[in-house]
Engineer: 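Structure incoming, see below.
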Amino acid sequence: MEVEEPPRQTTEDDSPEAPDDEAFDDADEPYPDPTLYKFVKRVPQRLPTRRTDIYVSRCSSFAAQLKRAKLLLDSESVTSIDIHGLGAAIDRVLDLSLALVESGRGTLATAATTSSVKLVDEFQPLKDDLPPIYQTRFNSALHVNVFKVKSKKSAAAASSVQLTKPTSKPTSKPT
């Protein structure tokens, strides 16, 4: 025999900020209540950085990174550099690698790989009695290896993926 619970009665002690047990079960609300939690994006994990790694972000100075990459590739001890970008910075990674190949005049080639990176977002409680909430998501990443080759013919043959910028958008709609 099932026992029905009596309806909850509101008391003076109840405040509108008190969390419900069902507060996060609602599928229409993807994030916890902003009056109860502060959203914090954590920095993505990455492997230990080598001298030849360049990490690109949307806030990075393109000119400074291009200069750094050219200096690295001009040195005799470096044969390749790796350029890494995540999410919205993928376009900048492509622009940087293409600028390097164009300035290399046939002495540089590229090899690109893609991956998905697991990111963790944290919702920090604004009240002491609430637990922190962690949310995981995935984001696309691009890794471009720019390396030296001996001649123009070997540069074209060595690239596993030819990076090109689109010249224009298609004008006709697919049917």
Engineer: Looking only at heavy atoms, what is the nearest atom pair of Tyr37 and Phe123, with distance?
Structural biologist: CD2-O, 3.4 Å
Engineer: Which hydrophobic side chains are connected to Tyr134, either touching it within the sub-4.5 Å cutoff or through other members that do?
Structural biologist: Val120
Engineer: To check you understand the geometry: which heavy-atom pair defines the closest contact between Pro132 and Pro125, and what is its length?
Structural biologist: CA-CD, 3.8 Å
Engineer: Under the rule for salt bridge (Lys or Arg N to Asp or Glu O under 4.0 Å), what residues qualify as partners of Arg137, not counting sequence neighbours?
Structural biologist: Asp121
Engineer: Locate the shortest heavy-atom distance separating Ser97 from Val144; write the atom from each residue and the value.
Structural biologist: CB-CG1, 3.7 Å
Engineer: At what distance, to the nearest 0.5 angstrom, does CG of Asp95 lie from CZ of Phe62?
Structural biologist: 5.5 Å
Engineer: Only counting residues at least two apart or in another chain, list the ones meeting side chain to side chain contact (heavy atoms under 4.5 Å, CB included) with Ser75.
Structural biologist: Ser77, Val78
Engineer: How far apart are the closest heavy atoms of Arg92 and Ser61, and which atoms are they?
Structural biologist: NH2-C, 4.0 Å
Engineer: For Val117, which fellow cluster members are found when Ile, Leu, Val, Met, Phe, Trp and Tyr are connected by side-chain heavy-atom distances below 4.5 angstrom, either directly or through intermediates?
Structural biologist: Leu86, Leu119
Engineer: Could you measure the distance from the CG atom of Leu71 to the CG atom of Leu66? Nearest 0.5 Å is fine.
Structural biologist: 9.5 Å
Engineer: Tell me, please, which residues at least two apart from Lys38 pass side chain to side chain contact (heavy atoms under 4.5 Å, CB included).
Structural biologist: Val40, Gln124, Leu126
Engineer: When rounded to the nearest 0.5 angstrom, what distance separates CG in Leu108 from OG in Ser103?
Structural biologist: 6.5 Å
Engineer: Can you establish whether the number of heavy atoms outside Arg68 located under 6.0 Å from its atom CZ is more than 12?
Structural biologist: yes
Engineer: For Val146, run the side-chain contact (heavy atoms from CB on, under 4.5 Å) check against Ile81, Thr52, Ile54 and tell me which one passes.
Structural biologist: Ile81
Engineer: Tell me the ring pair (Phe, Tyr, Trp, His ring centres under 6.0 Å) pairs involving residues 63-97, sequence neighbours left out?
Structural biologist: Tyr55-His84, His84-His143
Engineer: I need the Gln65 CD to Ile83 CD1 distance, nearest 0.5 Å.
Structural biologist: 8.5 Å
Engineer: For Leu142 versus Thr113, what's the shortest heavy-atom pair and its separation?
Structural biologist: CD1-O, 3.4 Å
Engineer: State the CZ-CG distance between Phe147 and Asp82, to the nearest 0.5 angstrom.
Structural biologist: 11.0 Å
Engineer: Could you tell me the separation between the OG1 atom of Thr136 and the CD atom of Glu122, rounded to the nearest 0.5 Å?
Structural biologist: 13.5 Å
Engineer: Minimum heavy-atom separation for Gly87 to Asn139, with atom names?
Structural biologist: CA-OD1, 3.5 Å
Engineer: So Thr107 and Lys148, do their side chains get closer than 4.5 Å, heavy atoms only?
Structural biologist: no
